Each structure stands twice: as C-alpha cells, then as structure tokens.
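Remember, predicted model here, so these are calculated numbers, not experimental data. Whatever order the structure lists ligands and atoms in, that order sets their numbers, starting from 1.
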Amino acid sequence: MSDQSKESAKSSAPRKVAPPAAMVIFGANGDLTKRLVVPALYNLCRAGKLADNFVLVGVDRNDSDAKAWTQGLKEFLATTLQNAPAGNNQVDEQVWARLTANATFVVGDITKADTYKHLGDVLSELDKQHQLGGNTLFYLAVGDRFFGPIIDELAAAGLTKEEGEHWRRVIVEKPFGHDLDSAKALNERILKVLHETQVFRMDHFLGKETVQNIMAFRFANGMFEHMWNRDRIDHVQVTAAETVGVEKRGSFYEVTGALRDMVPNHVFQLIAMVAMEPPVSFAADDVRNKKADVFSAMHPVKAENVCRGQYGAGRIGDAEVPGYREEPNVAPDSDTETYVAMKLEIDNWRWAGVPFYVRTGKRLSKRWTEIALRFKAAPYALFKDAPVEELGANWLIIQIQPDEGIRLHFSAKQPGTRMELDSVSMDFKYADWFQQAPANGYETLIFDCLIGDATLFQRADQVEGAWRVVQPALDLWSSRKSIGFPDYAAGSDGPSCSDALLQRDGRAWRKIG
Ligand code: BG6
C-alpha cells in the first residue's frame with residue numbers, strides 16, 4: 001500500500017478510540033507538558049478516547065519517579081480546573097487513575113545516547129506488559145534547539161523504526177526553525193531519519209474548532225463559495241490580538257518576537273484555511289496540497305508592507321502593566337517587536353488584487369482573534385436620494401476566539417416611511433448552538449496523531465513556504481534597528497504604522513473586539 005493510500009484509508013475511517021500506544025513526553029517536567037499536553041490527555045481519557053492500555057512515559061533530567069511526576073501533574077491540573085463549570089471543576093479520580101495507571105518516568109539527559117538506550121529498554125518492557133503493538137508517540141515538549149538532537153538519538157537507538165503494522169511518530173512543537181534557512185535545515189535533518197508520515201509538526205491553532213470549522217463552512221455549504229473570490233471580496237483582515245504580555249517567557253520572546261511567534265505558523269494557517277482551493281478529499285495530503293499552493297502563490301512580503309511595534313507601559317482593564325522593556329529577562333533597550341502587521345498578496349486566479357492584511361500583538365486592548373472578509377460595495381447610485389452618506393459595509397467575520405462563531409454584517413432598512421438604512425448583523429455562536437465550549441486544540445491534535453491523521457499538521461513544504469514569505473521582513477529588521485520603540489501603550493490597539501498600512505490603500509482596520 002502506498003503511503004498516500006494508507007493515509008486516505010486512515011482518514012476515511014474515523015476511529016472512536018485511539019490504538020494502544022506509549023506516549024513518551026520529552027520535557028516531562030516542563031510548562032507545556034503540565035499546562036497543555038497533560039490536560040488534553042486527561043480530557044481525551046475522560047471522553048473514552050484513549051485505549052485502556054495507553055501508557056504515559058515522562059523523560060526529563062530532574063531526579064523523579066512516576067509517582068512524584070504524576071502527583072505534580074495532578075496538582076497542577078486541579079488548579080486549572082478550579083474555574084471550570086461545576087461538575088468539571090475537580091480532577092475525576094477514576095479518570096486520572098486510568099490515565100496514569102501505567103505511567104513511567106525515565107530520568108535522563110536528552111543529549112546523551114545512554115538515555116535513549118535506557119528508554120528503549122523501558123519501552124520494550126512496557127510493550128510486553130501492556131501489548132502496545134510497538135506503537136510509540138514521541139512528543140517533543142522541549143526547546144526547539146533539542147528537536148534535531150532528540151530525533152537523531154531516537155533514530156540512532158532504533159526507536160523510530162516502523163516494522164509491520166506498528167508505528168513510531170514524533171510530534172514537534174513550534175517554533176519550527178527561526179527563519180527559512182533554519183527551517184529547511186531542520187526539515188532536512190529530520191527527514192534524513194524519519195519518513196514525512198512520521199513527523200507531526202504541531203500548530204495548535206489548527207486544532208481549534210473554529211479554525212477547523214472554516215473548511216466545513218466553506219465546503220459543506222453551497223451558499224458562500226461562489227462569492228469567495230476577487231470578484232466579490234475587497235480585502236481580508238486577520239487579527240490575532242492578545243492582552244497578555246510575554247509572561248514568564250522573556251528569554252524566549254527576546255529572540256523570537258511577534259513575527260516568528262505567531263505569523264508564519266498560526267496566522268498563516270488561518271490564511272490558508274480561508275484562501276485554499278477546495279481539496280479533492282479530506283485526506284491529509286489532499287488538504288495539505290491545497291494549503292501549500294496558497295503559500296506558493298504568495299509574494300515574499302515587501303519592506304513597505306510590514307510594520308512592527310513594541311508595547312510600553314499602560315493599562316489593561318484596571319491593572320497598570322509594565323512596558324516590554326521592563327519585563328523580566330528582557331533587555332532595557334530591546335529591539336524585539338511585540339506587534340507586527342503586514343499586507344500580503346496571493347497571486348492566483350481566486351485572490352489576485354485582494355490584499356490580506358494581518359496583525360498580531362501582545363498587550364492589546366482585547367483578546368480577539370478573527371478573520372474578517374470585506375465584500376465589495378453595492379453600486380451606490382440606487383440609494384443616491386436616500387439620506388444615507390454611505391451604505392454600511394458587508395463583512396463576514398469568522399470569530400476564532402473568544403465568543404467563537406460567525407457573523408454577517410449587512411445593510412437593512414430601518415422601520416419607517418423613509419428609505420433609511422442601518423448596519424445589522426446575523427450571528428451564529430458556538431456556545432448558543434452547541435452548548436459546549438470549543439476545545440483548545442491539543443486534544444484534537446494529539447488524538448489525530450495517535451490515529452495517524454496528519455490533516456491538521458504542517459508538512460515540510462508548508463512550513464518552508466510560510467518562512468519564505470516572511471523572510472524579507474526578518475532580513476530587513478535584522479539589518480535596521482527599530483526607531484521609537486516602545487511605540488504603543490499597553491491596552492491600546494497597536495502602533496500608528498499599522499493604521500498607516502491600511503490608510504495608504506484607503507482602508508481601515510476593524511476595531512479590535
Ligand atoms: C503560542 C505563542 O504559540 O500561541 C504565544 O507562543 C501565544 O505567544 C499563543 O500567546 C496564542 O495561543 P492562543 O491559543 O492562546 O490564542
């Protein structure tokens with residue numbers, strides 16, 4: 001069976017329960033493991049999606065054992081559940097016992113070959129005891145400098161070898177490279193020892209219900225697709241605004257910045273969902289081919305189409321917050337951007353001439369992620385005698401978070417004898433309709449990896465395609481120091497260069513929130 005037909009077969013037969021497997025987490029004591037990975041596993045276990053013989057294996061250098069490790073994870077989980085709705089605000093003991101029944105902890109230095117030899121012995125033993133069929137998922141919840149070395153060591157120890165029906169898969173977290181060259185080098189290194197089908201490059205935005213729903217919205221409805229193009233759409237705005245600052249991640253953020261942290265990954269995935277052509281099927285490679293086409297059709301961003309900013313002190317809600325340069329582990333004269341805006345162009349039949357404006361930043365006025373499509377205006381002539389200055393704009397807004405949903409803004413006649421128009425909206429809200437909050441993405445993605453469905457993971461060519469588009473901005477900024485940082489106050493809507501980017505084209509950003 002070819003890899004592709006194997007994949008299609010997996011995707012076309014949805015599974016309710018993942019197959020038996022060991023999941024090895026590198027960085028077992030790290031923040032990502034306790035904040036996102038383990039809570040997602042707990043939810044999967046509670047929903048009955050993990051096999052009874054699922055085995056959790058932690059690897060980290062700190063001296064610990066399975067009991068202490070899982071106890072620490074449980075305590076952390078309990079604190080995160082405190083604010084959940086009644087009934088779900090405590091750790092369910094039975095679920096937790098099931099999830100951690102066979103948990104094992106391997107103490108070891110992830111840069112040393114011995115650790116992998118020992119891990120191999122532990123996995124063989126667990127496999128025998130729990131009939132795991134040899135299936136193993138390695139989750140790299142570690143700093144990106146360890147991705148290459150860990151994968152090399154796993155391969156050298158023979159732990160990534162797939163035989164017969166059993167599988168060996170690796171989830172690689174972001175950031176995947178820090179520019180085009182490093183992303184290419186990392187792909188090359190990984191693909192020397194792993195097959196592409198074994199690599200699951202994580203972008204948690206792809207696991208968000210609202211992001212996945214874009215495909216359903218576009219391709220399961222006959223209503224929208226015929227106007228989803230340059231004939232009807234004037235421009236698209238993608239906003240990923242956050243109120244949080246850099247939290248405790250100053251050292252990471254100093255060398256990363258808003259562009260690398262959010263744009264070639266999360267924001268580009270949103271663009272791909274909106275801009276892609278309909279796939280032939282929902283099999284992983286059919287979907288990923290269409291997304292890769294979007295990135296191939298994008299021009300590398302032009303210097304005049306990018307804007308960066310950095311927050312100074314300000315106010316978020318009732319709280320005074322410090323500027324970026326005052327955050328822990330941040331240089332007092334830091335040149336790192338905490339805000340970025342860009343105008344991107346997609347040169348294909350569907351989108352030529354339709355600008356995609358994107359912006360993302362920390363410490364903005366509201367936590368708000370949306371994709372807004374602005375439709376071309378109706379001919380004004382018909383209403384020239386009516387007392388309206390301008391017809392309200394037609395927008396279709398895909399609200400990713402919070403208040404997940406879809407909204408359509410259009411004009412309607414106000415009640416009365418005169419033809420007076422008002423801008424009104426039709427709203428679909430996830431919470432109202434499905435009475436359930438959408439998941440944060442990790443559950444879906446971990447489950448998909450366990451069942452071998454790579455649709456929602458990034459392929460090597462996509463990652464490189466996105467870096468290629470943003471590389472000119474990185475080059476420009478590394479050669480030219482920013483002027484006037486900080487240039488927006490915490491709690492505002494961002495720097496003025498961002499507004500100028502749209503004003504130049506006779507357009508304006510939508511209000512955040
Ligand atoms: C992460 C970034 O990938 O995504 C963070 O590193 C950012 O800086 C986060 O805050 C945003 O994700 P979400 O799901 O909270 O919108």
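- Using cut-offs of 30° and 60° for the angle between ring planes, the Phe224 and Trp228 rings count as perpendicular.
- Applying the 4.0 Å criterion to heavy atoms of Lys174 picks out, from ligand 1, the atoms 1 (C), 2 (C), 3 (O), 6 (O).
- Close approach of ligand 1 to Asp261 is summarised as follows: ligand atoms under 4.0 Å from at least one heavy atom of the residue are 2 (C), 5 (C), 6 (O), 8 (O).
- No donor-acceptor pair under 3.5 Å is formed between the side chain of Gln471 and the backbone N or O of Arg468.
- Looking at Asp179 and Ser182, their side chains do bring a donor and an acceptor atom within 3.5 Å of each other.
- Listed by number with element, the atoms of ligand 1 under 4.0 angstrom from any heavy atom of Lys208 are 13 (P), 14 (O), 16 (O).
- Ligand-side atoms of ligand 1 in range of Lys362: 5 (C), 7 (C), 8 (O), 10 (O), range being under 4.0 angstrom from any heavy atom.
- For ligand 1, the atoms closer than 4.0 angstrom to any heavy atom of Gln401 are 13 (P), 16 (O).
- Considering backbone and side-chain atoms alike, Tyr253 places every N or O at 3.5 Å or more from each N or O of ligand 1.
- Counting only distance, with no hydrogens or angles, the side chain of Arg46 and the backbone of Val95 share no donor-acceptor pair below 3.5 Å.
- Taking each of Glu242, Glu173, His266 in turn, the one with a heavy atom nearest to atom 11 (C) of ligand 1 proves to be Glu242.
- Here the CZ atom belonging to Arg169 is positioned 12.0 Å from the CZ atom belonging to Phe138, to the nearest 0.5 angstrom.
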Quiz item: Should Phe200 and Val170 be marked as a side chain to side chain contact (heavy atoms under 4.5 Å, CB included) after you check the CA-CA gap, both sets of side-chain angles, and the distance that decides it?
Solution: CA-CA 6 Å; Phe200 289 70; Val170 181; over 6 Å; no

